[in-house]
Amino acid sequence: MKKYNNSPGGKVLTFIRELANHNNREWFSQHKDDYEEAKALFEQMVQDAILRISTFDKSVEMLQPKDCTYRIYRDIRFSEDKSPYKRHMGAYICARGKQSLHGGYYIHLQPEECLLAGGCYYFPPKLLQQVRHTIIDNIDEYRAIVDSPDFKKYYQIIGEERLKGAPKGFKKDNPYLKYIQPKQYDTMYAVPDEFFCSPDWLDNLEKAFRPLKKFLDFINYPVDEYLDNYEE
């Protein structure tokens, strides 16, 4: 079994692994102090990440860890998996809040499944169409962002789910079809566990998240326009 170092990230990953191996209320109750320590360490990591991201994206600088993190407790009401606790700790650093459609930056600590991600995971159909039209209407700008070497170095695929054909309202022979086939506009960069255990993890996080800034700015323009109209 992999041993993690005594860095904050290492201690968080050690606790998460133990929790995954003993995912029951009795064990959790007996190790509540260990959880509180891991939670505090993770929240400090999130605070550090917010401060670092705010050096190139001022929209997140007022956020606190509580605005970005999630409860460790799972909602098991409609799940076949009745494990009461999550097997990861994650934070969504987003200017409009972690429940917003507005795109942001995501960090995820889970043994053997650590990652960085960003973008927008879910769109109502009307907003998805609006985003697709924005892309086609500004295709050169969009391609310059997502096809740039800096972006491609970390993010190869946009959207976990994609249409096989043309979206409704777009021609099948559109030469830029691949850019509007995603059902959501998010992207991820898988990292080894050691990423978050390294003393220079914040430097590496910045290198990976900086290329996301222009992508988020582009996608969030139609998203925020939609949100502003919806909220009125």
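Quick caveat: nothing in here was measured; it's all calculated off a predicted structure. Quick note: residue numbers are just sequence positions, from 1.
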Between [X] and [Y], how do the two ring planes meet: parallel, tilted or perpendicular, split at 30° and 60°?
X: His88; Y: His108; result: parallel
X: Tyr142; Y: Tyr179; result: perpendicular
X: His31; Y: Trp27; result: parallel
X: Phe215; Y: Phe151; result: tilted

Q: For Tyr4, check ring pair (Phe, Tyr, Trp, His ring centres under 6.0 Å) against everything at least two apart and list the hits.
A: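 Here no residue qualifies.
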**Q.** Joint hydrophobic cluster, Tyr221 plus Tyr226, side-chain heavy atoms closer than 4.5 Å
**A.**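 No.
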**Q.** Heavy-atom neighbours of Lys2 NZ exceed 12 at 6.0 Å
**A.**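 Yes.
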Q: Would you indicate whether Tyr189, at its atom OH, is surrounded by more than 12 heavy atoms from other residues, nucleotides or ligands within a distance under 6.0 Å?
A: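 Yes - once you tally the heavy atoms of other residues, nucleotides and ligands closer than 6.0 Å, there are more than 12.
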Judged by atom type as modelled, is there a donor-acceptor pair below 3.5 Å linking the side chain of [X] to the main-chain atoms of [Y]?
X: Asn5; Y: Cys197; answer: yes
X: Arg74; Y: Ser83; answer: yes
X: Asp150; Y: Lys152; answer: no
X: Glu161; Y: Pro182; answer: no

Q) Hey, are Gln64 and Glu43 close enough side-chain-wise for a donor-acceptor pair under 3.5 Å? A)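 The answer is no; no qualifying pair exists.
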Q | ILVMFWY cluster membership beyond Met188 - transitive side-chain contacts under 4.5 angstrom | A |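 Hydrophobic cluster check, Met188: joined to Tyr70, Tyr92, Tyr106, Leu115.
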Q. Between Lys171 and Asp173, does at least one N-O distance fall below 4.0 Å, as a salt bridge requires?
A.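 Looking at Asp173 together with Lys171, the answer is no, because their closest N to O distance does not fall below 4.0 Å.
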(Q) Which residue is it: Lys183, Gln184, Lys178? I am looking for the one with a side chain to side chain contact (heavy atoms under 4.5 Å, CB included) to Arg162. (A)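 Going through the options one by one, the only one that passes is Lys178.
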